Protein chains: 2
Amino acid sequence: MAGVSTVRVVVVDDDPLVRAGLRMILGGAPDLDVVGEAVDGQDALDVIARELPDVVLMDIRMPRMDGLAATRRLKERGTSARIIVLTTFDTDEMVLTALQLGASGFLLKDTAPADLVVAVRRVALGEPMLSPSVTNQLIAAVTRPSDDGRRRKARTLLARLTEREREVADAVSDGMTNTEIARSLHLGVATVKTHVGSVFTKLEVTNRVQVARYVHDAADDR
Amino acid sequence: MAGVSTVRVVVVDDDPLVRAGLRMILGGAPDLDVVGEAVDGQDALDVIARELPDVVLMDIRMPRMDGLAATRRLKERGTSARIIVLTTFDTDEMVLTALQLGASGFLLKDTAPADLVVAVRRVALGEPMLSPSVTNQLIAAVTRPSDDGRRRKARTLLARLTEREREVADAVSDGMTNTEIARSLHLGVATVKTHVGSVFTKLEVTNRVQVARYVHDAADDR
DNA sequence: CCCAGGCTCCACCGGACGGTGGAGACGGAG
DNA sequence: CTCCGTCTCCACCGTCCGGTGGAGCCTGGG
């Protein structure tokens with residue numbers, strides 16, 4: 001895909017100095033070709049549609065349409081361009097949002113020129129490229145021990161349930177009525193009521209919404 | 001911290017050929033110094049305790065004690081050494097486990113020698129270093145679009161609720177009865193029932209457990 | 001062998017829930 | 001001003017839920 005020969009790049013930033021700087025840095029590499037510039041997200045959509053670049057360097061903070069919105073639009077219309085988000089700040093939320101939108105890279109503006117060139121090359125090849133601090137955020141996001149307290153408690157309590165009770169509890173937390181559960185498990189309604197009752201006792205709750213809470217807490221993956 | 005001058009490295013792998021290879025690659029860099037080798041996790045603990053390296057290149061698959069277990073032990077005893085996990089395979093689980101244990105890097109054994117040297121230097125400086133495919137796994141882990149679908153739907157539907165209805169819906173999903181909600185919001189039970197009713201209509205559900213599902217889906221942060 | 005525990009079911013009851021239709025007050029949009 | 005939406009409440013009614021106290025059945029362990 002793309003540049004076996006030359007990697008076509010579009011630079012999107014509202015600051016003329018930044019655009020000039022990027023053009024100079026990337027232009028210094030013989031295998032990179034800055035084929036277009038845009039000053040905001042709206043502009044970027046046009047330029048990218050026209051130039052069909054391999055890689056887009058996209059600022060986030062821009063007037064009219066910001067870089068994340070532009071990235072969303074591009075991905076929606078199935079662009080083949082890989083997008084590197086380039087920003088001064090790396091707030092947690094922006095990083096996750098950008099990556100969820102399908103950005104291939106997330107670089108801080110303090111990235112060394114040489115690294116920037118490397119990043120563009122790698123992204124053009126389909127590899128991801130993140131600044132170290134962004135990588136750290138990603139690791140932190142994945143590592144998070146979640147809501148350990150509630151989850152442990154929920155698991156402990158749920159572990160006391162018998163097989164059948166567990167099935168019933170699951171059905172309850174799916175929002176089913178006793179009658180529906182009875183049908184679904186091929187049981188009498190009376191039996192379901194018995195099971196639901198012992199689930200209440202074992203989980204120390206008094207209504208089915210609270211059962212749903214426990215079940216969902218315990219299931220909460222990741 | 002550590003190597004302003006020389007980065008002290010320990011290589012841990014049960015395969016003599018791999019150790020020799022790594023020693024050659026890293027030894028070729030004047031600022032890197034391979035100060036020790038270990039053939040398994042158990043051995044590694046001793047060598048690292050003795051040599052106090054800046055960076056450890058740690059294989060996962062090893063006899064006696066594997067690399068992940070060794071990493072855990074090292075971190076438990078508060079080692080200052082940064083650990084790069086080096087393996088042929090990059091299963092999802094191993095990656096997450098390694099990072100949760102505090103590994104600073106996760107590289108595949110097909111990493112280019114030059115990149116390996118770069119990785120050791122960066123990790124020595126406290127930066128993370130992941131192979132592209134590992135980064136992709138992390139991104140995938142964070143992206144999970146499945147959750148997103150339910151969540152968007154839930155948010156959309158919940159957005160239709162009025163302020164009051166939203167409060168009532170929250171109370172409902174906390175497992176409160178109508179009477180409790182009435183007391184907590186200083187309302188008549190009749191009013192609560194009305195609100196609950198319109199919540200059902202707007203969310204297109206028929207009982208309060210299903211309301212709890214929507215509310216929790218929409219709230220599901222991370 | 002018996003007993004404990006799990007699964008299945010039953011009857012009864014009061015209270016909570018869910019659906020329907022209405023009403024008065026208030027505030028903002030047209 | 002009138003209309004519309006929101007918030008507040010009311011009454012009625014059938015259903016479902018949750019609690020209590022049973023009862024058989026089967027399996028596995030002491």
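Because only heavy atoms are used, hydrogens play no part in the values below, and waters and symmetry mates are left out as well, while side chains stay in. Fair warning: this is a prediction, and the values are worked out from it, not measured in the lab. Order of the sequence lines fixes the chain letters, A, B, ..., with proteins taken first and strands second; residue numbering starts at 1 for each chain.
The CD-P distance, from A:Q210 to D:dC17, rounds to 15 Å in whole Å. The interatomic distance linking A:L185 (CG) with C:dC9 (C1') rounds to 15 Å, in whole Å. Between the C1' atom of C:dC7 and the CD1 atom of A:I181 lies a distance of 16 Å, rounded to the nearest Å. Summarising the geometry, the separation between CD on B:E167 and C1' on D:dT8 is reported as 14 Å, rounded to the nearest angstrom. A straight line from CZ of A:R164 to C1' of C:dC9 spans 13 Å, rounded to a whole angstrom. Here the P atom of nucleotide C:dC7 and the CG atom of A:L161 are 10 Å apart, to the nearest Å. Between the P atom of C:dC9 and the NE2 atom of A:H186 lies a distance of 12 Å, rounded to the nearest Å.
Contact detail for B:A169 and B:L161: the closest heavy-atom pair is CB-CD1, 4.1 Å. B:D40 approaches B:P63 most closely through the heavy-atom pair CB-O, 3.2 Å. Closest approach of B:V85 and B:A103 over heavy atoms only: CG2-CB, 3.9 Å.
A salt bridge does not link A:R166 to A:E163: none of the charged side-chain nitrogens sits closer than 4.0 Å to a carboxylate oxygen. The residues B:R61 and B:D14 are annotated as not salt-bridged, no charged nitrogen and carboxylate oxygen being separated by less than 4.0 angstrom.
Of the side-chain N and O atoms in A:H195, one or more sit less than 4.0 angstrom from OP1 or OP2 of C:dT8. For the pair A:T162 and C:dC7, the criterion of a side-chain N or O lying under 4.0 Å from OP1 or OP2 is met.
Listed by chain and residue number, A:D13, A:D59 satisfy the salt bridge (charged side-chain N to carboxylate O under 4.0 Å, His left out) test with A:K109 (two or more places apart in sequence, or in another chain). Considering only residues two or more places apart in sequence or on other chains, A:R121 meets the salt bridge (charged side-chain N to carboxylate O under 4.0 Å, His left out) condition with A:D31.
Within 4.0 Å of A:E165, counting heavy atoms only, lies no atom of the nucleic acid at all.
For residues 192-210 of chain A, the salt bridge (Lys or Arg N to Asp or Glu O under 4.0 Å) pairs, not counting sequence neighbours, are A:E165-A:K202.
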Pairs under 3.5 angstrom only: tabulate donor-acceptor contacts from the side chains of residues 41-50 of chain A to other protein residues two or more places apart or in another chain.
from	atom 1	to	atom 2	distance (Å)
A:D43	OD2	A:V39	N	3.1

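Rounded to 10 degrees, the angle separating the terminal helix axes of the helix from C:dC1-D:dG30 to C:dG30-D:dC1, each built from five base pairs, is 30°.
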(message) Within the 4.0 Å limit for protein heavy atoms, which parts of nucleotides 10-30 of chain C are touched? Write it as a string from 5' to 3', B for base, S for sugar-phosphate only, - for none.
(response) B-B----SBB-----------
